[in-house]
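Proteins get letters first, then strands, A, B, ... in listed order; numbering begins at 1 in each. Note: hydrogens, waters and symmetry copies are ignored here, and every other heavy atom, side chains too, is used. Only a predicted model underlies this, so the values are computations on that prediction, with no experimental measurement involved.
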Amino acid sequence: MNALLDEIRHTPLLWLLVFVPGVLVAAELAHEAHTLLFVLSVLAIVPLAALLSHATESVAAKTGDAVGGLLNATLGNLTELVIALTALQAGQYTLVKASIAGAIVTNTLFMLGASSLLGGLKHHVQEYNRVNARLQAGLLFLATIALLIPSLVSQTDSAAAAEFTQNLSVGVAVLLIVAYGLGLLFSLKTHKELFASAEQGDEGEAPWPIGLALATLAGVTLLVALVSEVFVESVQKAAEAFGMSQAFVGFIVVALVGGAAEMASAFSGARKNRLDLSVGIALGSAAQIALFVAPVLVIVSYFVGPTPMGLDFWPGAMVMMFFATLTASMVTNSGRSAWFVGVLMLMVYLVFAMALYLMPPREQPVGKGVEATRTEAGK
Amino acid sequence: MNALLDEIRHTPLLWLLVFVPGVLVAAELAHEAHTLLFVLSVLAIVPLAALLSHATESVAAKTGDAVGGLLNATLGNLTELVIALTALQAGQYTLVKASIAGAIVTNTLFMLGASSLLGGLKHHVQEYNRVNARLQAGLLFLATIALLIPSLVSQTDSAAAAEFTQNLSVGVAVLLIVAYGLGLLFSLKTHKELFASAEQGDEGEAPWPIGLALATLAGVTLLVALVSEVFVESVQKAAEAFGMSQAFVGFIVVALVGGAAEMASAFSGARKNRLDLSVGIALGSAAQIALFVAPVLVIVSYFVGPTPMGLDFWPGAMVMMFFATLTASMVTNSGRSAWFVGVLMLMVYLVFAMALYLMPPREQPVGKGVEATRTEAGK
Amino acid sequence: MNALLDEIRHTPLLWLLVFVPGVLVAAELAHEAHTLLFVLSVLAIVPLAALLSHATESVAAKTGDAVGGLLNATLGNLTELVIALTALQAGQYTLVKASIAGAIVTNTLFMLGASSLLGGLKHHVQEYNRVNARLQAGLLFLATIALLIPSLVSQTDSAAAAEFTQNLSVGVAVLLIVAYGLGLLFSLKTHKELFASAEQGDEGEAPWPIGLALATLAGVTLLVALVSEVFVESVQKAAEAFGMSQAFVGFIVVALVGGAAEMASAFSGARKNRLDLSVGIALGSAAQIALFVAPVLVIVSYFVGPTPMGLDFWPGAMVMMFFATLTASMVTNSGRSAWFVGVLMLMVYLVFAMALYLMPPREQPVGKGVEATRTEAGK
């Protein structure tokens, strides 16, 4: 327990934890103050995500390479998963799909771009292991193609098409999870030497004792779930107040908030001239969203939420996911980075964010609304 | 003749030849038993394709490097060409276009993916000549772009648009054949050293005497034509019985059946740690479909079949062709392969197959039906 | 002045300068002879572009590395910029957008393809610095993605959508210009050693004295502006007479005419086995169009021309820009070139040109006509 308090005392980011009770109390007292609740819940999720990340790594460090890697890989995007599950339960499919697409795009363009820029401002040219980076970018690219196929082949809005998209989405989800499992076998067992450098992680921080780590993991996950509920409830009205579309919130805000802890690690790696680490975190996290988080949400949607959710994305979101992963492949190809590469990736990310922000309300849906079609058709 | 019988006796695959007379007799006796005829014709085409492939290689081995290479390059996809010509004659444009698109996708994703997986299960990491692979993937990519342009720029269904697509298709077909001819000059004459490793082929098998090889070539081509006729006649009704769409049959079944012999060579190369050979066969065969088979079919359609055929593909087929060749470029870029790369390519192929299988009947056309528009407009 | 006359005497291309007074006189005397005026103006622009290019280089050589590089980078596409500004003033948005898209596609596919072919006919295999080429292809790719986003996310034709596209276009234009400025800082200051080889340029030609160079720069720019006016006025009717669409003229003719001088340098570099130089000119010029010329036109359109111009391109133009820059990335990846690579790039370019030439008139708009929508909505 002392280790936890010590950690909190020395990490200014964790002082934000004060907002966790803040938001929960505020949600009871003033549940109509959507804008306040939205801001408080965002401020509360950031330190919780950081704690979750540290707890996962501590458990991973204690349980040895294979189990630890598995934990890291499964729980690395736990914050995003909990937020998306809460939104799913509330039937906010647009928010769920926007946060899937946004996490893939933000992890590649923003996390990789800002790492290149921050690293490049300190180091003239940074070299990294291009074989690993290419392999990871290739996995991410293929996973994204599989994820996009249901949206790409379904183009009409008839009830038959909606059923087809839904069946295909479930099939793709099952295949993606199988591929994810085989990928863990590959990276943790048969070819773990290829992924060695990326796993060393933040050696600076001492791992917590296993008991504390497990307790933190459980407790913080619960807190994230509670805060997510406030976040999901307040997001729609708060977004309107800020002039932001729901697509923008899901795509940009959720992805930045949920990924804050990983970003901190990636940026610190880049500053220390260990760009391998940054590339590994960014591409690994994006691949995990595509191969694990997205299909889990499709399958869970059969048990939770008003209707099953399909993997049908709005064309703009598809274009952005495709461009982001194609860019990751192009950029990591050379194995070299300089500050301007980061500037260009961030510029593309800004263009995407600007498009989502400016988009008129009627054109916003990130999912094409198979769920709605199906519901109407079922009447 | 003894060499031929000897070959058949020692190659279990060729025992399937018994289905050749079987299907021809059955077609006479029970020409309403579509499902039976479909299964028999598939079983009969596989060994015929293998014989055709061996006969072509034997002729090629006897006639020396340049002529041999030309023969191999021209007749390598003879089975696919004969099946497509038969379908063209019967006016089954959807089947023809699906089999063009399917051959490109199957040769890249399935043949390359399964080679990577099979090779990777035996060898930890396989390295191959990445300069050649990149060059071949680049050729395939550019040929595919050219092939897709008529579909991409024609978006409306008016009669003027149909005529435009048709004219553009013929122009593209002529350019592709010229490029193919120059490509043969490049790979067989001016830069043959770049393609050396891929041409050594199946050294294990002894080439047949030239007379036998030529006779086999002629005889088997005739048999393929006869069996293809049964296949094309039965495919529609049989597909319905199996719950398969015509797009699925053309895209997946024809491509797998027609390419069985090449796949056997590619897989055996991968198992022997000669992944260069597998990559060469897979990408070379796909490029040949795009640069030679597809344009020949467009031009031949002016002399055979009810109306000329255009190069307009259904959007889903375009997406699949584009992703498949882009994947080939990405994956062959690194010059290294491990089993999981194969798993991911096969996963994308399975997603494509699943999409085609599940697609509701009304949304199936692989070609956008320029032919139909033109016929109506001509009334 | 003698240096200028000497240059003209020894450069057959510059003998075409006789058409400059020719076209200006003809425009006064026979301003209905559109076809004649079109041909004369094309013939007059080619030598002016060459002079402009030489004058810019001479000024650049005298003013030192940093300022010189800035000049070269800013004025390298001055001809295209002046033609586009004249068309903008005349409200010919289709021509402006076609010439932006066409300059990107022509500089990559045609200039790079013809350089590969011409170099490859003389040298068996040409190697070039693949790190620089990849970096430049990467910049071009990211700039093109940013340029395409406004077209990609706006899909309907409502007034709200038109306003959204327009606002997004301005935002993207500002970001592109900022990125361009940072790119100059990168290539001329912080990382100039990476771009060293491409800058040496045409060492053969002696630079002019600074006074002559500046006077030529000013005088020739004025002449280009005068001739462009004739060109823009005559182009529509002349195109009809030649059976060419306006999209074809903007995309192919303007791009080839405006880039003639750069092409001469790129081809001569390729023949001298300095393919680095050719790749640098081609990709650098294309990137400059995307990062500087296009956004400047968007911003200038607020001050010049009937209505502001948005960055919305016709789907076919988007596809061509995307494929061209993707091809540049793929092809420059290997760092090796042979004649057949050039043949394939030229084939894709020919397919694009053919599609634009054959396209029926009603489907020609290269921009989707946001301007028209906005004007109507404003009524």
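Looking at A/F352, the atoms closer than 4.5 Å to chain C (heavy atoms on both sides) all sit in the side chain, from C-beta outward. Both the backbone and the side chain of A/M347 come within contact range of chain C, with heavy atoms under 4.5 Å apart. Both the backbone and the side chain of A/M345 come within less than 4.5 Å of a heavy atom of chain C.
Among the residues in residues 106-113 of chain A, none has a non-hydrogen atom closer than 4.5 angstrom to a non-hydrogen atom of chain C.
Across C/I149 and A/A355, no two heavy atoms sit closer than the pair CG2-CB, 4.1 Å. Taking both residues in full, the closest heavy atoms of C/F141 and A/L326 are given as CZ-CD2, 3.5 Å, listed atom of the first, atom of the second, then distance. Shown here for A/F340 and C/L139, the closest heavy-atom pair between the two residues is CE2-CD1, 3.7 Å.
Between C/T165 atom OG1 and A/M359 atom CE the span is 9.0 Å, to the nearest 0.5 Å. Taken from CG in A/L358 to CD in C/E163, the straight-line distance is 9.5 Å, to the nearest 0.5 Å.
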Is there a ring pair (Phe, Tyr, Trp, His ring centres under 6.0 Å) between C/F322 and A/F323? Walk through the geometry before answering.
CA-CA 11 Å; C/F322 176 66; A/F323 278 170; 5.4 Å; yes

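Under a 3.5 Å cut-off, the side chain of C/H191 and the backbone N or O of A/H124 do form a donor-acceptor pair.
A heavy-atom distance below 4.5 Å is found between the side chains of C/L175 and A/M354. Counting heavy atoms from C-beta outward, A/V341 and C/F186 have side chains that stay 4.5 Å or more apart.
Results of the side chain to side chain contact (heavy atoms under 4.5 Å, CB included) test with C/I145 over A/V351, A/L344, A/V348 single out A/V348 as the only residue that passes.
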